[in-house]
Amino acid sequence: MDDIRFKIAEAARMAGVSPSTLRLWETQDLIQPIRTPKGQRLYDRALVDRLKTISWLRSEKGLNPAAIRESLRGEAVAVEPEITSFEPEDAGDPASFPVGLKIRRLRREAGKTLEAVAQKTGVSVSQLSTFERTSQGLSFTALHEVASCLGTTVASLSGQEQGQGGESLIRDGKWPSWPATSSGVAIQVLAEGRNQMECNRFQLAPGASSEGAYQHAGEEFIHMLSGSLEIILDGDCFFELHAGDSFYFESRRPHSWRNTASSETVLIWINTPATF
């Protein structure tokens with residue numbers, strides 16, 4: 001039998017909330033901890049699992065205490081708590097967090113549930129939940145939509161905008177890379193800092209694509225280094241780019257793209273201003 005007991009600070013950390021929140025939940029009759037003869041609160045593993053479920057119902061489903069009590073009483077909710085091994089979100093430098101954790105942090109700071117973001121972006125709740133935990137599972141286009149919904153950009157989430165801008169020297173082959181969130185899409189940063197231009201190098205595996213169209217403010221420039229790229233504007237304007245070709249267009253036009261070569265395609269992609 002598992003006799004492990006956790007103190008309130010430990011249980012709160014595992015559930016992703018503060019100790020004062022656990023005390024509040026106790027007054028709301030959501031949780032009743034084990035009490036020592038001296039009145040100290042303790043939590044076994046079953047109680048910690050219940051805390052994680054309460055946290056999930058509150059932050060992701062947007063339920064109030066009464067609705068949470070009803071769900072727990074009837075055991076009517078099948079929940080996979082998003083926090084299975086919690087790492088405090090305020091520990092360390094947020095800029096170093098995985099992109100999925102950055103999304104979750106921004107979403108919670110904005111007071112948005114998974115359902116609210118899903119409804120706004122068209123990305124399913126399960127995809128969002130998985131991405132927040134693993135930083136995987138969203139297409140290039142979907143990540144852009146989620147970032148826009150939360151008032152940020154993909155470039156900012158990647159850490160590209162760290163620093164004040166100005167001079168930026170990156171040696172050949174030493175490019176910082178964006179987190180790999182989309183299958184077959186690798187993006188390297190060619191200029192770091194808060195600049196007017198986002199300068200990136202794209203490496204696309206055969207068949208890799210944006211998986212949908214997206215749009216934003218600004219203008220874009222592409223220069224092909226190798227391979228082939230099909231880019232579609234407004235859903236019905238098709239352009240086939242090959243090594244040596246350059247292409248310029250307005251970012252407000254819905255655009256999607258796909259590597260049409262049987263081998264890797266490499267290109268330089270510049271956005272201005274920094275809105276992607």
Side-chain angles (χ1 to χ4, degrees), residues 1-118 123-138 146 150 157 159 179 181:
M1 186 171 121
D2 188 354
D3 293 326
I4 296 176
R5 301 289 186 269
F6 302 97
K7 294 180 180 179
I8 189 169
E10 296 170 316
R13 177 181 60 81
M14 296 169 72
V17 296
S18 66
S20 61
T21 297
L22 297 197
R23 297 187 188 97
L24 174 63
W25 289 353
E26 188 176 340
T27 65
Q28 294 171 336
D29 198 27
L30 297 177
I31 190 79
Q32 292 301 323
I34 301 165
R35 292 281 189 165
T36 69
K38 294 185 178 181
Q40 182 184 31
R41 295 175 175 86
L42 296 176
Y43 302 80
D44 60 15
R45 292 197 181 277
L47 286 173
V48 169
D49 287 343
R50 183 180 176 93
L51 291 174
K52 292 178 182 179
T53 300
I54 294 170
S55 179
W56 190 89
L57 290 169
R58 184 181 67 137
S59 63
E60 313 310 340
K61 304 294 285 186
L63 300 186
N64 60 29
I68 293 174
R69 282 195 301 272
E70 187 64 27
S71 294
L72 293 172
R73 185 179 300 115
E75 298 182 353
V77 59
V79 173
E80 287 186 19
E82 68 170 86
I83 304 169
T84 54
S85 56
F86 179 73
E87 181 177 344
E89 293 189 5
D90 57 355
D93 180 8
S96 67
F97 290 168
V99 65
L101 183 53
K102 290 179 182 178
I103 287 289
R104 186 170 70 190
R105 184 185 181 94
L106 287 170
R107 177 177 58 77
R108 288 179 169 177
E109 288 176 350
K112 297 179 183 290
T113 64
L114 283 171
E115 284 82 357
V117 176
V123 179
S124 72
V125 170
S126 61
Q127 282 181 302
L128 284 171
S129 180
T130 297
F131 186 80
E132 289 186 356
R133 294 195 309 271
T134 67
S135 298
Q136 300 291 322
L138 288 189
V146 171
L150 298 176
L157 291 171
T181 58

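Just so it is clear, the model here is predicted, and its values are computed rather than measured.
The shortest non-hydrogen separation linking S55 to A15 is OG-O, 3.4 Å. In terms of heavy-atom proximity, V48 sits nearest to M14 at CG1-CE, 3.8 Å. Nearest heavy atoms, P19 versus A9: CG-CA, 4.1 Å. The two atoms that bring S18 and A12 nearest to each other are C-CB, 3.6 Å, heavy atoms only. The two residues R5 and E10 come nearest to each other via the heavy atoms O-OE1, 4.5 Å.
Under a 3.5 Å cut-off, the side chain of T27 and the backbone N or O of L24 do form a donor-acceptor pair. At distances below 3.5 Å, at least one donor-acceptor pair connects side-chain atoms of R50 with backbone N or O atoms of L30. A donor-acceptor contact shorter than 3.5 Å links the side chain of S71 to the backbone of A67.
For the residue pair S129 / E132, no side-chain donor-acceptor distance below 3.5 Å is found, with atom types taken as modelled.
Two residues are said to be in side-chain contact when any heavy atoms from C-beta on lie closer than 4.5 Å; L42 and T36 meet this criterion. R104 is not listed as a side-chain neighbour of V99, based on a closest heavy-atom distance of 4.5 Å or more.
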Side chain to side chain contact (heavy atoms under 4.5 Å, CB included) between V146 and V123: does it pass, once the steps are laid out?
CA-CA 8 Å; V146 171; V123 179; 4.2 Å; yes

Do I54 and R69 pass the side chain to side chain contact (heavy atoms under 4.5 Å, CB included) test, and can you show the C-alpha distance, the side-chain angles, and the key distance before you say yes or no?
CA-CA 9 Å; I54 294 170; R69 282 195 301 272; over 6 Å; no

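To the nearest 0.5 angstrom, L22 atom CG is 4.5 Å from Y43 atom OH.
When the salt bridge (Lys or Arg N to Asp or Glu O under 4.0 Å) test is applied to E26, the partners found at least two apart in sequence or on another chain are R35, R41.
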